[in-house]
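All values below were derived from every heavy atom in this structure, side-chain atoms included, with hydrogens, water molecules and symmetry-related copies excluded. Labels below follow one simple rule: chain letters A, B, ... track the order of the sequence lines, proteins then strands, and each chain is numbered from 1.
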2 protein chains.
Amino acid sequence: MYKAAAASEWRSARRQSARDAIVDAAWRVVHAEGLAGLSLRDLAKVAGISTPTVYAYFESKNAIYDAMFGRAATEFADRMTEPYEAVDPREVLIAGFRRFIEFCTTDPARYQLLFQRTIPGFEPSPESFAPAVRALDSSCQRLAANGIRDPRHVDMWTAVTTGVVDQQISNDPGGRRWTDLVESAVDMFLAHCQGANRPRPRATTAKGRRRAPTNP
Amino acid sequence: MYKAAAASEWRSARRQSARDAIVDAAWRVVHAEGLAGLSLRDLAKVAGISTPTVYAYFESKNAIYDAMFGRAATEFADRMTEPYEAVDPREVLIAGFRRFIEFCTTDPARYQLLFQRTIPGFEPSPESFAPAVRALDSSCQRLAANGIRDPRHVDMWTAVTTGVVDQQISNDPGGRRWTDLVESAVDMFLAHCQGANRPRPRATTAKGRRRAPTNP
DNA sequence: GTCTATATCCAGATAGAC
DNA sequence: GTCTATCTGGATATAGAC
């Protein structure tokens with residue numbers, strides 16, 4: 001009984017690592033050919049296997065996209081929830097924004113898969129989508145630390161941040177034209193929310209470089 | 001000589017209207033199948049012609065995308081430059097934002113073609129792209145009327161507006177969750193720019209509902 | 001599980017008669 | 001200019017031997 005269980009476990013691990021290798025190859029193809037340019041032929045060639053073998057691990061092309069989505073979403077959530085050095089809530093918010101930009105601009109294809117709906121028949125499965133929720137939660141925490149809890153303000157934040165990323169990728173790929181607006185955008189946003197909102201950011205012991213609490 | 005010129009003109013008009021009909025059909029297919037789902041077979045079927053006939057009018061599939069882009073860009077510029085009823089510069093800015101949102105959300109495929117780069121080998125030709133410049137100019141005019149000329153502020157404006165549209169289309173298609181943030185976003189943006197900038201909006205004789213000029 | 005071979009289909013694009 | 005017929009190539013996916 002024990003031996004059988006161990007063998008099964010081992011097999012399952014082997015299977016998982018084979019799947020991972022295929023997803024690796026898929027990303028390599030996508031980086032070269034674009035997200036829509038993924039073909040199972042190329043994928044198999046890059047992975048060093050034959051096309052039918054791909055079907056031993058994934059039931060369809062969309063299942064591969066789904067696995068790619070799942071990996072990207074996990075990377076995203078992991079990156080966004082890593083500890084932040086800063087203490088001042090505004091600084092933390094800026095740092096999160098910077099991580100978001102860095103994450104998106106370093107891999108536009110990944111950004112396209114995660115945040116835009118451009119593959120015709122593809123919808124991520126709930127399991128693959130789950131980590132994205134974790135990332136959004138962490139954003140809300142950073143906002144809450146700045147006294148921002150109004151859902152409309154949260155929506156405004158997502159609009160501002162994705163707007164900056166979107167313009168950067170679409171109109172100045174590889175550059176910093178919109179990326180350099182981060183601090184400015186955060187100040188604009190915070191002034192808006194904190195001017196119209198009761199709850200203030202918690203005072204901290206850290207250096208608040210400019211955005212000191214404005215009220216008692 | 002006159003007869004020949006007239007005949008040539010007539011033929012050229014016929015040719016143009018045939019091209020237009022094909023572009024019509026292309027948009028119909030795209031609305032049904034998605035931007036990437038356009039095939040020349042479907043296109044020909046919808047247009048009521050045969051596939052080779054398409055090649056009598058367009059040299060390739062990308063040439064069709066280009067014509068679609070050109071039409072969309074013209075529609076965009078035309079819409080954005082139509083006269084504005086409001087007089088108060090802030091109201092005009094809001095109205096322009098609303099038009100932009102309306103234009104994008106009523107036809108996400110058109111938005112995708114115009115503002116995102118998602119078709120693998122396709123780049124719009126300079127001629128097709130030209131009207132887009134006209135539209136951007138008109139945006140800058142509406143900003144200038146609010147005293148905003150700093151290029152960084154213009155970039156901030158494009159980030160905010162496209163961010164709202166992007167979130168609306170991606171995360172609440174058909175709804176108004178981000179669309180309803182328009183006034184709020186404009187106030188946030190104007191407060192930011194006008195607080196940090198010397199030039200004020202020109203005073204007008206119209207009802208400035210809330211955003212009266214703040215300085216002498 | 002992995003392969004070779006192949007089925008099936010559809011894409012963009014062309015030849016050549018009318 | 002328009003058609004029928006076809007080329008060429010690539011796609012996803014499957015059959016069946018090993």
Q | d(CZ, B:R19; C1', D:dG1) in whole Å | A | 15 Å
Q: Go through the structure and list residues passing salt bridge (Lys or Arg N to Asp or Glu O under 4.0 Å) with B:D20, not counting sequence neighbours.
A: none
Q: For B:S128, check side chain to side chain contact (heavy atoms under 4.5 Å, CB included) against everything at least two apart and list the hits.
A: B:D66, B:F69, B:S125
Q | Partner set under ring pair (Phe, Tyr, Trp, His ring centres under 6.0 Å) for A:W178, not counting sequence neighbours | A | none
Q: Report the residues that fulfil ring pair (Phe, Tyr, Trp, His ring centres under 6.0 Å) with B:Y55, sequence neighbours left out, ordered by chain and then residue number.
A: none
Q) Is any side-chain N or O of A:R15 closer than 4.0 Å to OP1 or OP2 of C:dG1? A) yes
**Q.** B:E82: partners by side chain to side chain contact (heavy atoms under 4.5 Å, CB included), with sequence neighbours left out
**A.** B:R79, B:R99
Q: Kindly write out the residues that satisfy ring pair (Phe, Tyr, Trp, His ring centres under 6.0 Å) with A:Y84, not counting sequence neighbours, or none if the list is empty.
A: none
Q: Enumerate the residues from residues 118-125 of chain B whose closest heavy atom to DNA chain D is under 4.0 Å, giving them by residue number; use none for an empty result.
A: none
Q.
Under the rule for salt bridge (Lys or Arg N to Asp or Glu O under 4.0 Å), what residues qualify as partners of A:D172, not counting sequence neighbours?
A. none
Q | Strand contacts (DNA chain D) in residues 28-36 of chain B, 4.0 angstrom heavy-atom criterion | A | none
(Q) A:A63: which residues meet the side chain to side chain contact (heavy atoms under 4.5 Å, CB included) condition with it, sequence neighbours left out? (A) A:F58, A:E59, A:S60
Q) What does nucleotides 2-14 of chain D look like as a protein-contact string, B for base, S for sugar-phosphate only, - for none, at under 4.0 angstrom between heavy atoms? A) SBBB-----BBBB
Q. Of all residues at least two apart in sequence or in a different chain, which pass the side chain to side chain contact (heavy atoms under 4.5 Å, CB included) check with B:A132?
A. B:F129
Q: Write down the atom of B:A72, the atom of B:W27, and the distance for their closest heavy-atom approach.
A: CB-CZ2, 4.2 Å
